[in-house]
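Reckoned from all heavy atoms, side chains included, excluding hydrogens, waters and symmetry mates. Order of the sequence lines sets the chain letters (A, B, ...), proteins ahead of strands, with each chain counted from 1.
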2 protein chains.
Amino acid sequence: MNTLSYGLLTLLSANSLSGYELTQNIKPLWRAGHSQIYPLLMSMEQQGYISYQLIEQSDKPDKKEYSITEAGLEQLRKWVEAPAEPPVLRDELHFKLYSLWLTKPEEAKDLLQKRAEFCKSELERYKVLLKANEVLRDERGETRELKATTFGRYLLIRKRVLDMESSIQFCEWALEELEPAK
Amino acid sequence: MNTLSYGLLTLLSANSLSGYELTQNIKPLWRAGHSQIYPLLMSMEQQGYISYQLIEQSDKPDKKEYSITEAGLEQLRKWVEAPAEPPVLRDELHFKLYSLWLTKPEEAKDLLQKRAEFCKSELERYKVLLKANEVLRDERGETRELKATTFGRYLLIRKRVLDMESSIQFCEWALEELEPAK
DNA sequence: TTTCTATATGTCTACTTTTACATATATAAA
DNA sequence: TTTATATATGTAAAAGTAGACATATAGAAA
């Protein structure tokens, strides 16, 4: 049971999902490919934290729909309450900024503009997720309170939105700082 | 030559440093332990990107002071100009926020308060680094322009400061959102 | 009719990262 | 005098991650 396993339990505690859907849904929360996810699902199924049902589909290939078990929910509950490890951020841009004096002004500018563009496209994705979560909240007749299943997701997506907005602001500020050198 | 190798070259392009010092200095830029760093230094030395000089010390154990070579600088220059890969952020808090509805209000509050404290202590570290970089800039008689060796570091540390301030603001906002549930 | 894309599930290898093991010098504190 | 801490350099094993390999269904487009 590593962090990613708990992440999968986290998603399954809100909805029953297939491995494929988990691979898509986990993207805004954690970077992981399907080659990591399928083996963990099999292992957690063997440990009794999740179970699956084979869903036969006519329009698409059949799938395994995983659900969290009582044991899995109990395991997750304990983990959520334990303090969170400090985040791990690995960003090449940090090194490239540090070595910026080695580059030509156009290349420094390009580096920051490309990052800004990336963050803007991420921001759009998160704003869509925020909307979708609000729709789900209304569907479930929930309000903005801790016990609502959509509340934590609301906080999380807001966090990612703030992170991206802050990154975009940094890039734009840095581009201005660069201006006199042009 | 992986990203961490280029990170070590980045630090060595500004100053000659030992493996131990590199391990300390790289912390604000990238997470890496000394067990990763020493083997990479040996490999880069064999490839001719860096060289070292044994420094005998009377007050401390002897050390190897690594310097970047012309070949290393050329290699680094090419890498810096290539576009930066998207950042990889792995934060347990994302999952814990998503599963927040499973917890008691005090535990949710504790989770956010602890993260805020962590970010505040990181912020202090970065502010010290920012001051140290300004002192170095003055010592070298540099101004805030691209060609100055302290300029990129100035941008980078400002980025980290903005990141931490944004995280602290998120925690404080989320704690307020949590309030009515108490 | 072939090709492309999305859905769907898996394995394998290479690489990276973490944690523990291992050793050694010098200073400072208990 | 033992112990703890900071400095200093390495190795080994285990765990985690990324990218490629592998296969299959179904719909849509060329």
Side-chain angles (χ1 to χ4, degrees), chain A residues 1-9 11-12 15-27 29-47 50-66 85-92 94-95, chain B residues 1-8 11-12 15-27 29-47 50-66 84-92 94-95:
Chain A
M1 290 297 289
N2 57 18
T3 304
L4 182 52
S5 301
Y6 285 107
L8 295 171
L9 283 188
L11 293 180
L12 292 176
N15 281 302
S16 290
L17 294 164
S18 67
Y20 185 79
E21 288 165 326
L22 282 163
T23 306
Q24 313 298 313
N25 286 222
I26 210 161
K27 272 176 192 169
L29 292 97
W30 197 268
R31 174 151 147 185
H34 74 275
S35 64
Q36 279 176 277
I37 289 171
Y38 288 116
L40 290 179
L41 287 174
M42 286 186 271
S43 142
M44 285 196 290
E45 198 261 338
Q46 273 168 32
Q47 286 171 86
I50 54 176
S51 62
Y52 72 89
Q53 205 188 342
L54 203 85
I55 307 283
E56 285 177 42
Q57 300 183 119
S58 54
D59 54 336
K60 295 171 204 172
D62 299 349
K63 66 177 179 180
K64 291 180 181 175
E65 198 179 67
Y66 286 92
E85 290 294 310
V88 177
L89 172 63
R90 286 203 172 91
D91 191 349
E92 282 192 2
H94 291 171
F95 292 141
Chain B
M1 289 297 288
N2 56 18
T3 305
L4 182 52
S5 301
Y6 285 106
L8 295 171
L11 293 181
L12 292 175
N15 281 303
S16 291
L17 295 163
S18 67
Y20 185 80
E21 289 165 325
L22 282 164
T23 306
Q24 312 299 314
N25 285 225
I26 209 160
K27 272 176 191 169
L29 293 97
W30 196 268
R31 177 152 146 185
H34 73 275
S35 63
Q36 280 176 279
I37 289 171
Y38 288 117
L40 290 179
L41 287 173
M42 285 187 271
S43 142
M44 285 197 291
E45 198 262 337
Q46 273 167 33
Q47 286 171 86
I50 55 175
S51 62
Y52 73 90
Q53 207 187 344
L54 203 86
I55 307 283
E56 286 178 42
Q57 299 184 116
S58 53
D59 54 336
K60 293 171 205 171
D62 301 348
K63 65 176 179 181
K64 290 179 180 177
E65 198 179 69
Y66 285 92
E85 290 293 310
V88 177
L89 171 63
R90 284 201 174 91
D91 191 349
E92 282 192 359
H94 291 172
F95 293 140

Quick one: is B:Q57 getting a side-chain N or O under 4.0 Å of the D:dA8 phosphate, OP1 or OP2?
-> yes
Are A:R90 and B:R90 side-chain neighbours, meaning at least one heavy-atom pair lies under 4.5 Å?
-> no
Base, sugar-phosphate, or nothing for A:T3, non-hydrogen atoms under 4.0 angstrom?
-> nothing
Greater than 12 external heavy atoms within 6.0 Å of A:Y52's OH | no
Below 4.0 Å: OP1/OP2 of C:dT18 and any side-chain N or O of B:Q36 | yes
First encountered from the 5' end of DNA chain C, between A:K64 and B:N2 | A:K64
Indicate every side-chain donor-acceptor pair of residues 20-27 of chain A with a distance under 3.5 Å to a residue at least two apart or in another chain.
unit_1	atom_1	unit_2	atom_2	d
A:E21	OE1	A:S18	N	2.9
A:E21	OE1	A:S18	OG	3.2
A:E21	OE2	A:K63	NZ	3.3
A:T23	OG1	A:G19	O	2.7
A:N25	ND2	A:E21	O	2.8

What is the distance, rounded to the nearest whole Å, between atom CD of A:E92 and atom P of D:dA18?
-> 13 Å
Report yes if some heavy atom in the side chain of A:N2 is under 4.5 Å from a heavy atom in the side chain of A:S5; otherwise report no.
-> yes
Could you tell me the separation between the OH atom of B:Y52 and the C1' atom of D:dA8, rounded to a whole number of Å?
-> 14 Å
Nearest atoms (heavy-atom pairs only) where A:W30 meets A:T3 = CH2-CG2, 3.5 Å
Is the base of D:dG19 touched by the side chain of A:S35 through a donor-acceptor pair closer than 3.5 angstrom?
-> yes
Please tell me which of B:H34 and A:A32 maps to the more 5' nucleotide of DNA chain D, matching each residue to the nucleotide holding its nearest heavy atom.
-> B:H34
Given atom OH of B:Y66 and atom C1' of D:dA8, what is their separation to the nearest angstrom?
-> 12 Å
Just compare D:dG10, D:dT11, C:dT7 and give me whichever is closest to any side-chain atom of B:P39.
-> D:dT11
Specify the separation, in whole Å, of atom CD of B:E56 and atom P of D:dA8.
-> 14 Å
Determine: side-chain N/O of A:R31 to OP1/OP2 of D:dT17, distance under 4.0 Å, yes or no.
-> no
Where do A:Q57 and A:D62 come nearest, in terms of heavy atoms and distance?
-> N-OD1, 3.0 Å
Flag, side chain of B:Q47 to backbone of B:S43, donor-acceptor distance under 3.5 Å = yes
A:I37 CD1 to D:dG19 P: how many Å, rounded?
-> 15 Å
Smallest separation among heavy atoms of A:I50 and A:L41, with atom names = CD1-O, 3.4 Å
Rounded to 10°, the helix from C:dT1-D:dA30 to C:dA30-D:dT1 deviates from straight, judged by its five-pair end axes, by 20°
Starting at atom CG of B:L54, determine the distance to atom C1' of C:dT25, rounded to an integer number of angstrom.
-> 14 Å
Closest approach of B:E85 and A:D91, non-hydrogen atoms and distance?
-> O-OD1, 4.3 Å
What integer distance in Å separates A:L4:CG from D:dT17:C1'?
-> 10 Å
Would you call A:M1 and A:L9 a side-chain contact if the rule is heavy atoms closer than 4.5 Å?
-> yes
Tell me which residues in residues 16-27 of chain B put a heavy atom below 4.0 Å from DNA chain C, sorted by number, or none.
-> none
Can you check the B:L40 CG to D:dT11 P distance for me, whole Å?
-> 12 Å
Between B:M42 and A:W30, the residue closer to the 5' end of DNA chain D by nearest nucleotide is B:M42
Does B:R90 make a side-chain N or O approach to OP1 or OP2 of D:dT17 shorter than 4.0 Å?
-> yes
